[in-house]
Amino acid sequence: MLDPAQVRDHLDEVEVKLAERGTHLPAELAAIKALDAKRRAIIPDLEEARRARKALGAKIAEAKKAGESADDLLPQGHGFSDRIKHQEAALDAVEQERRRLLLRLPNLPHESVPRGTGEKDNQEVSRWGEPRTFEFTPKAHWDLGPALGLLDFERATKMSGARFAVLLGAGARLNRALINFMLSLHTQEHGYTEVAPPFLVNDQALIGTGNLPKFEADLFKVAGDWNLYLVPTAEVPLANLHREEILDGRRLPLSYVAYTPCFRSEAGSYGKDVRGLIRQHQFEKVELFKFTAPGQSYDEHEQLTRHAEIVLEKLGLPYRRIVLCTGDMGFAATKTYDLEVWLPGQGTYREISSCSNTEAFQARRAGIKFRPDGTGKAAFAHTLNGSALAVGRTLIAVLENGQQKDGTVVVPDALRPFMDGQEVIEPRRS
RNA sequence: GGAGGGAUGGCCGAGCGGUCGAAGGCGGCGGUCUUGAAAACCGCUGUGGGGGCAACUCCACCCUGGGUUCGAAUCCCAGUCCCUCCGCCA
């Protein structure tokens, strides 16, 4: 959520920044400002009424204490409480509407973010690794995987439908190895605390991260009378780990890593990436998440992105880092780096990680504060998230980059301890 | 699924209609004492919002939401969560 005071006091600036990311809501912004003014007008009246009520109560109590009758002190009718109830209801309505509008406004881009209207305006920041030259035509994973018996799309369709896949044999093992490799790396070498969170979360958690109320169509909701959704990313449970808490500033940043499956409806992506494992309703991801003080969040964002890059480097997968332009960023982000891995079978770089700073956007929605020195006034923390990495996409990158002329796949060195020492993936026999 | 019990400040725990934002203890902070520390003693010590340069002041908050009342932490209703017992179950 945007800072309400910012909307009130710097409306023009907010409008410009929202426009930069393609959001034009002048009416909503004006409405928020008007509601804020209304709220500030109601409060003094309400407080005065409550003060008067309190004073009367004290008088009656005193009279009773003195053994006198308080009958003549009692107010006529209910005018008193009715007035307060009226004002309370009015205030409540104003605050609710104000919050409802605020929850639908995206975050504002950071000044270091390039302006632009879409993907074409994203900027490459850096590149690592040299795409391998093949002495044969490399296959895409949707051919390679099924040929090796690792990946089965047809059978997944029978039990679940389109955009699902089954991993088999060394494919399933590779998947598991990647998860363990990533978790071990981040916990042992990058200082993250491992978390195994719930895979179902309630609506409040999703409001906290910015997935609700605006993007309900992207989510899978649990059937029946449950206020629960399948997690679209581990970012949701991780961000809510410290919901409604005041953290000790001396212990910041807090760094967490979690593996979870992720579930997305992919509404609005019909016809896009229909082949292979790129865009599935269910995928797996190892997610990094940090709670930081405001002054440190951009440094930490760079570091967190580095931690994701190191996964690719250890696996020997060429990639590039992109900074998303204002028009291509997600709802909650002020700045986002995407990492794109080289996929030789498709001759292109594809997104494999997205690392964002949301500043206080999620913290404000989820009530996550901190005290700088452990004492004093609490302020909203900043939160960062990043995939490190998307497991399915890493799996296909390993397959496509490691494939050999005879159809087998070389397992990257770093992964072998997690693959029970297996060095080469050969066609599955059983 | 059935039957009970509970939710109060950082923690423990009293309060069960009238200045209660809330006793007491622990913890934390400051002081006295001490060469230093401990112990002992004294004082301070919740959060959010509004107003004032400030000393300060006002309002709200005792799980959440309704209700009763001049007045609710205390009474009533609904919900959430936790605990115990029985049943079922990976």
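All chains are named by letter (A, B, ...) in the order of the sequence lines, taking the proteins before the strands, and each is independently numbered beginning at 1. Please read these numbers as outputs of a predicted model, since none were measured by experiment.
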Sticking with atom P, work out how far B:U32 lies from B:A37, rounded to a whole angstrom.
11 Å
Whole Å only: how far is the CZ atom of A:R364 from the P atom of B:G48?
15 Å
Assign each of A:E47 and A:I43 the nucleotide of RNA chain B bearing its closest heavy atom; nearer the 5' end lies the nucleotide of A:I43
Please give, in whole Å, the distance from B:G48 P to A:E244 CD?
12 Å
Distance, P atom - from B:G30 to B:C12, rounded to whole angstrom
25 Å
Could you work out the separation of B:G17 and B:A55 based on their P atoms and round it to a whole Å?
40 Å
Partner nucleotide, any strand, of B:U69 [Watson-Crick/G-U, under 3.5 Å]:
none
Between B:C42 and B:A7 - P atom distance, rounded Å
32 Å
Would A:D248 and A:R371 pass as an ion pair if we require N to O under 4.0 Å?
no
Which one is paired to B:C88, where only Watson-Crick or G-U wobble pairs with both distances under 3.5 angstrom count?
none
Report the residues that fulfil salt bridge (charged side-chain N to carboxylate O under 4.0 Å, His left out) with A:E351, sequence neighbours left out, ordered by chain and then residue number.
none
Distance, rounded to the nearest Å, where A:D92 contributes CG and B:A60 contributes P
16 Å
When the distance from CD1 of A:I42 to P of B:A60 is rounded to whole Å, what number comes out?
16 Å
Mind checking what makes ring pair (Phe, Tyr, Trp, His ring centres under 6.0 Å) contact with A:F370, not counting sequence neighbours?
none
Both distances below 3.5 Å, Watson-Crick or wobble geometry, any strand: find the nucleotide opposite B:C33.
none
Distance, C1' atom - from B:U74 to B:A23, rounded to whole angstrom:
15 Å
Separation of A:Q87 atom CD from B:C59 atom P, in whole Å?
15 Å
Pair assignment for B:U64, Watson-Crick or G-U wobble, requiring both distances under 3.5 Å
B:A78
Go ahead and name the base partner of B:G4; Watson-Crick or wobble counts if both distances stay under 3.5 Å, otherwise write none.
B:C83
Can you tell me how far P of B:C59 sits from CG of A:L46, to the nearest Å?
11 Å
Considering only nitrogen or oxygen atoms on both sides, find all protein atoms under 3.5 Å from nucleotides 18-22 of chain B and state each distance.
| residue | atom | partner | partner atom | Å |
| --- | --- | --- | --- | --- |
| B:G18 | O6 | A:K64 | NZ | 2.7 |
| B:G18 | N2 | A:G57 | O | 3.2 |

Using the C1' atom as the point on both nucleotides, what is the distance between B:U19 and B:C70, in whole Å?
15 Å
Measure CG/A:D203 against C1'/B:U80 and give the value in whole Å, please.
13 Å
Excluding sequence neighbours, so at least two apart, what forms ring pair (Phe, Tyr, Trp, His ring centres under 6.0 Å) with A:Y229?
none
Among B:G71, B:G49, B:C59, find the nucleotide with the atom closest to the side chain of A:R39.
B:G49
In whole Å, I'd like the distance from the CZ atom of A:R371 to the P atom of B:U45.
15 Å
Go ahead and name the base partner of B:C44; Watson-Crick or wobble counts if both distances stay under 3.5 Å, otherwise write none.
B:G28
Can we say A:R350 and A:E340 salt-bridge, meaning some charged N sits less than 4.0 Å from an Asp/Glu carboxylate O?
no
Ring pair (Phe, Tyr, Trp, His ring centres under 6.0 Å) with A:F215: which residues, sequence neighbours excluded?
A:F331
Would you be so kind as to tabulate the donor-acceptor pairs closer than 3.5 Å made by side chains of residues 159-166 of chain A, with sequence neighbours excluded?
| residue | atom | partner | partner atom | Å |
| --- | --- | --- | --- | --- |
| A:R163 | NH1 | A:K272 | O | 3.4 |
| A:R163 | NH1 | A:D273 | O | 3.4 |
| A:R163 | NH1 | A:R279 | O | 3.0 |
| A:R163 | NH2 | A:S269 | O | 2.9 |
| A:R163 | NH2 | A:K272 | O | 3.1 |

When the C1' atoms of B:C86 and B:G27 are compared, how many Å lie between them, rounded to an integer?
40 Å
Let me know, please, whether A:I246 or A:R51 comes out on the 5' side of the other along RNA chain B by nearest nucleotide.
A:I246
Could you check whether A:K59 pairs with A:E62 (Lys NZ or Arg NE/NH1/NH2 to Asp/Glu carboxylate O, under 4.0 Å)?
no
Atom CZ of residue position A:R155 - does it have more than 12 heavy atoms of other residues, nucleotides or ligands inside 6.0 Å?
no
P atom, B:C56 versus B:U45: distance in rounded Å?
11 Å
